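The model shown is predicted, which means the values in this text are computed figures rather than measured ones. A, B, ... follow the sequence lines: proteins, then strands. Residue 1 opens every chain.
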Amino acid sequence: MLPAKARLNKAEDFSLVVRTGQRAGTRHVAVHLLSTSSEEPPRAGFVVSAKVGNSVIRHRVTRRLRHQILPMLAGLAPGTHVVVRALPAAAGATSTQLSADLTAGIGQASLKMARKSAAQVSR
RNA sequence: UGAGUCGGCCGGGCAACCGCGUCAGCGACGCCAACGCGUCGGUGUCGAGGAAAGUCCGGGCUCCACAGGGCAGGGUGGUUGUUAACGGCAACCCGGGGUGACCCGCGGGACAGUGCCACAGAGAACAGACCGCCUGGCAUCGCAAGGUGACCAGGUAAGGGUGAAACGGUGGUGUAAGAGACCACCAGCGCCGCAGGUGACUGCGGCGGCUAGGUAAACCCCACCCGGAGCAAGGUCGAGAAGCAUCGGCGUGAGCCGAUGUGCGCAGAUGUUCGAGGGCGGCCCGCCCGAGUCUGCGGGUAGACCGCUGGAGCCUGCCGGCGACGGCAGGCGGAGAUGGAUGGUUGCCGAACGGGACCGCCGAGAGGCACCCGGGAACAGGACCCGGCUUACAGGCCGGCUCAUCCA
RNA sequence: UGGGGUAUGGUGUAAUUGGCAACACUAGGGAUUCUGAUUCCCUCAUUCUAGGUUCGAGUCCUAGUACCCCAG
């Protein structure tokens, strides 16, 4: 379990991030990123649907993702919300693969976000 | 030794470092009048299953409804027990399967009534003459006895063929041919008596009419049972927002933005040209705006907390019982999360399985044991709790019983 | 978590009381034609799976699988 301050736990927060945030897909996960105006530390949440597998598989995927993402949160700007959706391929992935995909996904999404905000400033 | 059958148990192990959830101390910081609360750090403690699963039954618990009885609707279905209860379980009965241990059965009623039984077949439910068999007539052949029949009238359910099913079976008497028409035995049905059993039912004996189809997982009848919803039940504490009013700012304006106050319902008091309350002001006078204001009680959104884990609990021994189970005594007691805690990295040991080698042992051989290398564990995760059922499951351990074979 | 529903050719749908699984489109093959279109004919089903009741099951019963919907 993540520290209470680093958790997303409202359904509205989830839908907001997934709908309006920047998205980046990899082989095992899809990362949604949204920066908010608040000065609180970054928050993360996970979506693992029944398509990934049965309860045992889903929990294992969630646990692995949770432990992999914890050090990455420190590198994000305050107020950032992250939602990680696990894709069906994640069921058979190892922790190292998941970690690599997470890093890549967050990198791509934050790049998109930076480009978008830069465009807004220049406009 | 081999084959089989029934039951019980286990369901990877031991460590290291980092990390997580509960609870209890400790320390630091912050808040508070206080009780205490929050955050961080660190220590200790405990931390998924035999099915936690499917959600198919039953119960506890909570709220709502409820005099009793009946109807409707749903469920169950051999008997006797067991239990908090059950559609579970145990023993027994009946039917079927197996050499046997043992296994399987939605196992009440088809004499309460209704419906259905396609196709085939002559006929399918108080049945039916297609072929066949027999008698008579008629025709015909023949000297006659008698024979024959694309004919007519009648008898006949023994035989053929159809079907899932054709109205007891075998043998005889009988007859024109036949038939429970009659007889013997057998099967089956009903009634009576005796004996055994709590009972389902069983055994023996007698009598009767001679034969009664299937389907109730078709409607239905009979007996018994069932109020509804579910812990997101339910309870406790309870912001705020919207709206409205006033003020300020912006805008030609509709309006927008900000600040302050007031939340909602009910009751009471008071008040609307006889002025509640508010503004200006240090106060009074005065001036202005003007329909609400005050008090009490109650409901309640977000959210938080409780419910939340000690329960029909587990283990051992003794006693009662064939058994399910019950009684007594002693002992043990250790998940409670809420976007949801068990993960990551690694070491040692390791089952199944795959391969190698013919040097060891057994064997005629195939092969087995041992050896070496590889390999690295099934189904599957709590979400209020418990009793069952069902389904999934790599593999291992233990015990009872049966059959076959060998040895003594 | 609780409640409800569906499953039939490749696709979309039928099948009153249990009795030969029907229709449309698509696909493949054939016929007609000099060739093509049109037209006609034929082919394509373990009725989701397993077991049961029945003479007989798409239909009735039991268990399972997959998918969908509803409440919060």
Side-chain angles (χ1 to χ4, degrees):
Chain A
M1 216 166 147
L2 297 169
K5 279 188 175 171
R7 263 183 279 159
L8 273 180
N9 52 12
K10 289 264 190 75
E12 310 124 53
D13 293 343
F14 271 83
S15 54
L16 195 72
V17 173
V18 172
R19 290 229 186 86
T20 65
Q22 290 302 310
R23 190 165 61 85
T26 63
R27 187 171 146 66
H28 301 103
V29 297
V31 178
H32 298 261
L33 220 65
L34 180 70
S35 76
T36 63
S37 53
S38 82
E39 289 300 311
E40 290 173 351
R43 294 167 178 270
F46 301 94
V47 177
V48 185
S49 85
K51 297 213 173 193
V52 176
N54 62 23
S55 183
V56 171
I57 307 235
R58 292 203 306 274
H59 273 83
R60 185 163 59 223
V61 169
T62 314
R63 286 170 185 145
R64 285 177 169 168
L65 288 173
R66 183 162 51 229
H67 280 85
Q68 302 300 333
I69 206 169
L70 196 59
M72 302 180 192
L73 283 181
L76 293 172
T80 307
H81 287 187
V82 187
V83 170
V84 179
R85 275 192 302 120
L87 304 178
T94 64
S95 288
T96 6
Q97 289 173 321
L98 288 178
S99 178
D101 274 10
L102 270 181
T103 316
I106 289 177
Q108 277 182 40
S110 51
L111 203 69
K112 275 190 190 177
M113 206 159 64
R115 215 180 293 147
K116 193 182 173 191
S117 57
Q120 274 178 346
V121 165
S122 70
R123 196 179 298 165

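- Comparing B:G235 with B:G81, their P atoms are spaced 45 Å from each other, to the whole Å.
- In this structure, the nucleotide among B:G344, B:G382, B:U342 sitting nearest to the side chain of A:R66 is B:U342.
- Atom CZ of A:R60 and atom C1' of B:A48 are 16 Å apart (whole Å).
- Across all strands shown, B:G234 pairs with B:C306; the Watson-Crick or G-U wobble distances both stay below 3.5 Å.
- A:R85 is linked by a side chain to side chain donor-acceptor pair (under 3.5 Å) to A:H32, counting only residues two or more places apart in sequence or in another chain.
- B:G180: glycosidic angle within 90° of 0, hence syn.
- With a glycosidic angle more than 90° from 0, B:G123 adopts the anti conformation.
- For B:U55 and B:U391, the C1' atoms lie 12 Å apart once the distance is rounded to whole Å.
- For the side-chain contact (heavy atoms from CB on, under 4.5 Å) criterion with A:T26, the lone passing option out of A:L102, A:L98, A:D101 is A:D101.
- With rounding to whole Å, A:R63 atom CZ is found 17 Å from B:A337 atom P.
- Using atom C1' as the reference point in both B:C385 and B:G230, the two lie 14 Å apart (nearest Å).
- Heavy-atom minimum distance, A:V29 versus A:A86: CG1-CA, 4.4 Å.
- To the nearest 0.5 Å, atoms CD (A:Q68) and CD (A:Q97) are separated by 11.5 Å.
- Summarising the base pairing, B:U39 is matched to B:A28 through a Watson-Crick or G-U wobble pair whose two defining distances lie under 3.5 Å.
- An anti orientation is assigned to B:G74, its glycosidic angle lying beyond 90° of 0.
- As rounded to whole Å, 10 Å separates atom P of B:U345 from atom CG of A:L98.
- Across the strands present, B:G381 finds no partner; the criterion is a Watson-Crick or G-U wobble pair with both atom distances under 3.5 angstrom.
- As rounded to the nearest Å, B:G75 and B:C401 have P atoms that lie 46 Å from one another.
- For the C1' atoms, the distance from B:U162 to C:C55 is 14 Å, rounded to whole Å.
- Using the Watson-Crick or G-U wobble rule with both distances under 3.5 Å, B:C283 pairs with nothing in any strand shown.
- Shown here, B:U262 forms a base pair with B:G243; the pair counts as Watson-Crick or G-U wobble because both key distances fall under 3.5 Å.
- As a whole-Å value, the separation of A:R85 CZ from B:G339 P is 20 Å.
- For A:Q108, the side-chain contact (heavy atoms from CB on, under 4.5 Å) partners are A:A24, not counting sequence neighbours.
- In this entry C:U49 has C:A63 as its Watson-Crick or G-U wobble partner, both defining distances falling under 3.5 Å.
- Protein atom NE2 of A:H59 is 14 Å distant from nucleotide atom P of B:G344, rounded to whole Å.
- Distance noted for atom C1' between B:C210 and B:A187: 13 Å (whole Å).
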Apply side chain to side chain contact (heavy atoms under 4.5 Å, CB included) to A:T62 and A:L65, showing your working. CA-CA 5 Å; A:T62 314; A:L65 288 173; 5.9 Å; no

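- As rounded to whole Å, 13 Å separates atom C1' of B:C20 from atom CZ of A:F46.
- Between the CD1 atom in A:I69 and the OG1 atom in A:T103 there is a gap of 9.5 Å [rounded to 0.5 Å].
- Base orientation for B:A245: anti, the chi torsion being more than 90° from 0.
- When rounded to the nearest whole Å, the span between CD1 of A:I69 and P of B:C20 equals 16 Å.
- Distance from the side chain of A:R64 is smallest to B:G344 among B:G344, B:G340, B:G339.
- In this entry B:G374 has B:C353 as its Watson-Crick or G-U wobble partner, both defining distances falling under 3.5 Å.
- Taking atom P on both nucleotides, B:G8 is separated from B:G354 by 32 Å, rounded to a whole Å.
- Taking atom C1' in both B:A351 and B:A16, the straight-line distance is 25 Å, to the nearest Å.
- When both pairing distances are held under 3.5 Å, B:G317 makes a Watson-Crick or G-U pair with B:C328.
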